[in-house]
Amino acid sequence: MTGKTHLKADILLPRHVAIIMDGNGRWATAQGKRRTSGHRAGAEAVRKAITFARRNGIEALTLFAFSSENWGRPAREVNVLMELFMTVLKREVGELAENNIRLRVIGDVTGFSNRLQKQIRIAEEKTAHCNALVLNIAANYGGRWDIAQAAKTLAQRAVAGEIASSDINETLLAEHVCLADGPEPDLLIRTGGDIRISNFLLWQLAYAELYFTETLWPDFDDMTFAAAIDCFVRRERRFGLTSAQIQQLAGSDNEHED
Ligand code: FPP
């Protein structure tokens with residue numbers, strides 16, 4: 001994977017970026033093409049975004065590829081998307097491994113064909129040892145589904161006597177939602193102009209900075225990604241504290257580094 005844009009090394013980058021890739025259909029329609037050609041162009045933008053994240057030392061990139069609600073789209077579009085996931089997984093897995101990128105799929109994969117489930121397993125296994133960037137593809141994923149599956153696991157553990165129901169708190173639930181083994185998303189980017197979260201990572205986005213752009217996903221490139229990061233680094237993240245407290249904390253961190 002090659003590319004040119006590098007961000008300055010001295011700025012505090014997000015460790016984990018999540019993206020709602022929206023606007024493929026409108027991009028295609030605007031060019032007089034079928035919606036499905038927008039998804040194919042979207043796959044190219046995915047490649048660029050991964051390259052950008054890898055090159056700039058972002059630790060985790062989570063892409064919303066297919067929501068639990070997307071099954072309701074016309075059958076042809078769903079079929080093309082499924083075939084596209086298959087092709088991309090097969091085609092890119094070698095290059096992901098070469099670039100030390102670990103691929104994981106989050107979501108209810110049992111909803112996919114056996115063929116696709118197998119391809120997902122192969123890609124996850126081939127890249128399991130990689131650690132420069134974790135690429136999470138959210139497929140047949142919904143934030144409510146994620147919280148419900150975490151609650152179900154906790155209920156099962158309580159019934160099995162492994163935990164008491166009184167042990168269940170935010171910390172324990174957070175350990176059972178998807179992506180629990182990495183940093184929470186610092187930045188959520190949504191392309192395509194809509195200003196909503198659409199049932200993506202509802203639990204994990206609690207303290208993420210949100211960035212919305214009119215850019216349609218197939219047009220998302222290094223410049224757009226860099227603009228989102230640039231906006232992120234200018235934000236003050238307070239996590240419920242006051243601005244003065246945050247500055248004091250930053251000051252004491254700097255003292256420790258000196
Ligand atoms: C939303 O645009 C996009 C999707 C539902 C599919 C995203 C899929 C890709 C980018 C293809 C490749 C992905 C991977 C991970 C290989 P939309 O169709 O809702 O666009 P619209 O809002 O303009 O109709």
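- Here the closest heavy-atom approach between residue G38 and residue W27 is recorded as CA-CE3, 3.8 Å.
- Closest non-hydrogen pair, P185 versus A208, comes out as O-CB, 3.5 Å.
- Linking ILVMFWY side-chain heavy atoms closer than 4.5 Å, directly or via other members, places L135 and V88 in two distinct hydrophobic clusters.
- Formation of a donor-acceptor pair under 3.5 Å by the S68 side chain with backbone atoms of G142 is found in this model.
- Not a single salt bridge (charged side-chain N to carboxylate O under 4.0 Å, His left out) links R102 to another residue, sequence neighbours left out.
- Cluster membership for F225 and L63, using ILVMFWY side-chain heavy atoms within less than 4.5 angstrom, is shared.
- Taken to the nearest 0.5 Å, the CG atom of N24 stands 10.5 Å off from the OG1 atom of T36.
- The two residues M21 and A65 have their closest heavy-atom pair at CE-CA, 3.7 Å.
- Here the CD1-CD1 distance, from I101 to I50, works out to 6.5 Å after rounding to the nearest 0.5 Å.
- Using a 4.5 Å cut-off on side-chain heavy atoms (C-beta onward), R196 and R190 make contact.
- For S165, there are no side-chain hydrogen bond (donor to acceptor under 3.5 Å, both in side chains) partners, not counting sequence neighbours.
- Identified under the ring pair (Phe, Tyr, Trp, His ring centres under 6.0 Å) test for residues 226-248, with sequence neighbours left out: Y207-F239.
- In the hydrophobic clustering (ILVMFWY side chains linked at under 4.5 Å, chained through shared members), F200 is joined by I20, F64, I106, Y141, W145, I147, L154, I163, I168, L172, L173, V177, L179, L188, I195, I197, L201, L202, W203, L205, L210, F212.
- V46 and F66 fall within the same hydrophobic cluster, where Ile, Leu, Val, Met, Phe, Trp and Tyr residues are linked whenever their side-chain heavy atoms come under 4.5 Å apart, directly or through other members.
- A164 pairs by the side chain to side chain contact (heavy atoms under 4.5 Å, CB included) definition with S166, D167, not counting sequence neighbours.
- By the side chain to side chain contact (heavy atoms under 4.5 Å, CB included) test, Q119 is found to be paired with M86, L89, K90, I122, residues two or more places apart in sequence or in another chain being considered.
- A side chain to side chain contact (heavy atoms under 4.5 Å, CB included) with L61 is found for one member of N136, I137, L133 and no other, namely L133.
- L13 is connected to I19 through a chain of hydrophobic side-chain contacts under 4.5 Å among Ile, Leu, Val, Met, Phe, Trp and Tyr, so both are in one cluster.
- Counting only residues at least two apart or in different chains, salt bridge (Lys or Arg N to Asp or Glu O under 4.0 Å) contacts with residues 109-129 comprise E83-R115.
- Under the side-chain hydrogen bond (donor to acceptor under 3.5 Å, both in side chains) criterion, E214 pairs with no residue, sequence neighbours left out.
- The two residues I229 and P14 make their nearest non-hydrogen contact at CD1-CG, 3.7 Å.
- Atom CZ in R47 sits 4.5 Å away from atom CD in E92 (nearest 0.5 Å).
- Put simply, CG on N140 and CD on E69 are 9.0 Å apart, with the number rounded to the nearest 0.5 Å.
- Contact detail for A180 and A174: the closest heavy-atom pair is CB-O, 3.3 Å.
- With sequence neighbours left out, the side-chain hydrogen bond (donor to acceptor under 3.5 Å, both in side chains) criterion links E77 to R35, H39, R73.
- Once rounded to the nearest 0.5 Å, the distance linking CE of M82 with OG of S113 reads 8.5 Å.
- In this structure, the side chain of T127 engages the main chain of L103 through a donor-acceptor pair within 3.5 Å.
- Judged by distance alone, the side chain of R26 and the main-chain N or O of L216 form no donor-acceptor pair under 3.5 Å.
- Proximity of a side-chain donor or acceptor of D219 to a complementary backbone N or O of T215 within less than 3.5 Å is not detected.
- D221 places a side-chain N or O within 3.5 Å of a backbone atom of T224 that can act as its donor or acceptor partner.
- When only modelled atom types and interatomic distance are considered, D146 and Q204 share a side-chain donor-acceptor pair under 3.5 Å.
- Partners of K33 by side-chain hydrogen bond (donor to acceptor under 3.5 Å, both in side chains), not counting sequence neighbours, listed by chain and number: Q31.
- Separating the CD1 atom in I189 from the OH atom in Y211 is a distance of 7.5 Å, to the nearest 0.5 Å.
- When hydrophobic clusters are built by joining Ile, Leu, Val, Met, Phe, Trp and Tyr residues whose side-chain heavy atoms come closer than 4.5 Å, directly or via intermediates, L81 is grouped together with I120.
- Each ring pair (Phe, Tyr, Trp, His ring centres under 6.0 Å) pair with one or both residues in residues 80-135, not counting sequence neighbours, appears once here: W71-F112.
- Listed by first and then second residue, the side chain to side chain donor-acceptor pair (under 3.5 Å) pairs involving residues 169-179 are R157-H176 (not counting sequence neighbours).
- Nearest heavy atom pair, residue N199 against residue R144, reads OD1-N, 2.9 Å.
- Taking 4.5 Å as the limit, every side-chain heavy atom of C231 sits out of range of all side-chain heavy atoms of E209.
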